[in-house]
Enquirer: 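Pasting in a structure now, in structure tokens, and then I'll have a few things to ask.
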2 protein chains.
Amino acid sequence: MRLHLWIETDTGLLFGLGRALLLQKIDQLGSIKRAADELGMSYRAAWGKIRKSEEILGEKLILQGCSKRDGCELTEAGRLLMEKFLLWYDTVEKEALEKAREMLPLRIKGYSEKKKTVD
Amino acid sequence: MRLHLWIETDTGLLFGLGRALLLQKIDQLGSIKRAADELGMSYRAAWGKIRKSEEILGEKLILQGCSKRDGCELTEAGRLLMEKFLLWYDTVEKEALEKAREMLPLRIKGYSEKKKTVD
DNA sequence: AACAATTATGTCAAAACTAGCATAACATAA
DNA sequence: TTATGTTATGCTAGTTTTGACATAATTGTT
């Protein structure tokens, strides 16, 4: 059993674990392309997701105009959001699952803790 | 700012606020049809959603074979799940939003608390 | 028995979303 | 200055999800 959890603002934001992990990978690898490859998605998809998030947040998450030969990196805001979000997500997910165990009448089968890539 | 939050098990369950509120309405009104109307969805859609949840849960949520003239009502399991889920959701959402305010670097605009129909 | 309201489902179109192709532009290395 | 890898973006086809239509079957009312 696991949670799907994301944030949405009035303006329609949609920022969830997927985006955060993508930003994390970009940060680690210094390239949208390589991050996309490693996460098994197309560059187009990765780029599109980030763009949409930026659009709604009204803030750049990725440095533009950075080297077009060697990749790209996050903006300060991007890195901050990514880090904080992952922290928040971890906390909330843990609590929510715990509470679910206490409060919900669900026969929980395997209880497969999703392996987290948040190291 | 608000949360999207639902539960998914290994078998693919997908039970979220929408389902819970639907069950709640059915419980209140004693009819899938009337609940669907009131929630602005088609009977077909409402029925389908419930069916899918039942299927994956392996448990009836709605009494079948009940009057086809005057409506239907929840099973014991259905009512229990609905009630507990709404409680759980409320708790988790509140905590998550609070933590978000503390932890996340998001400029929260209107902070429109979603009006809850959980009375 | 005839009628009305509702459950229960199949089906098929429509709409939303996703994936992938194509391509321009550009920066850096050689 | 040519080659390569990447950012950046439009567009289209394919897939998945959702929604509406049709229609039995059933049950209570009159």
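Order of the sequence lines fixes the chain letters, A, B, ..., with proteins taken first and strands second; residue numbering starts at 1 for each chain. These figures come from a predicted structure and were not determined experimentally.
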Enquirer: Rounded to the nearest angstrom, tell me the gap between atom CG in A:Asp37 and atom C1' in D:dG5.
Expert: 12 Å

Enquirer: Could you run through nucleotides 8-22 of chain D and give me one letter per nucleotide, 5' to 3': B if any protein heavy atom sits under 4.0 Å from the base, S if only the sugar-phosphate is that close, - if neither?
Expert: BBBB--------BB-

Enquirer: Should B:Leu86 and B:Leu57 be regarded as members of a common hydrophobic cluster, given that ILVMFWY residues are connected when their side-chain heavy atoms come within less than 4.5 Å of each other, either directly or indirectly?
Expert: yes

Enquirer: Minimum heavy-atom separation for B:Arg34 to B:Leu29, with atom names?
Expert: NH2-O, 3.3 Å

Enquirer: So do the side chains of A:Glu54 and A:Ile62 get within less than 4.5 Å of each other, counting heavy atoms only?
Expert: yes

Enquirer: I'd like to know whether NZ of A:Lys60 has more than 12 heavy-atom contacts from other residues, nucleotides or ligands below 6.0 angstrom.
Expert: yes

Enquirer: Please pick, from D:dG5, C:dT6, D:dT6, the nucleotide with the shortest atom-to-atom distance to any side-chain atom of B:Lys33.
Expert: C:dT6

Enquirer: Over 60° means perpendicular and under 30° means parallel, so tell me whether A:Trp6 and B:Trp6 are parallel, tilted or perpendicular.
Expert: perpendicular

Enquirer: Below 3.5 Å, does any donor atom in the side chain of B:Arg69 face an acceptor in the base of D:dT27, or the other way round?
Expert: no

Enquirer: Is there a side-chain polar atom (N or O) of B:Ser67 under 4.0 Å from OP1 or OP2 of C:dT7?
Expert: no

Enquirer: Of the options B:Leu21, B:Leu61, B:Leu39, B:Ile50, which is the one that meets B:Ile26 in a side-chain contact (heavy atoms from CB on, under 4.5 Å)?
Expert: B:Ile50

Enquirer: If you compare every side-chain N and O of A:Ser31 against the phosphate oxygens of D:dT7 (OP1, OP2), does one of them come in below 4.0 Å?
Expert: yes

Enquirer: Just how far, in rounded Å, is P of C:dA8 from NZ of B:Lys60?
Expert: 7 Å

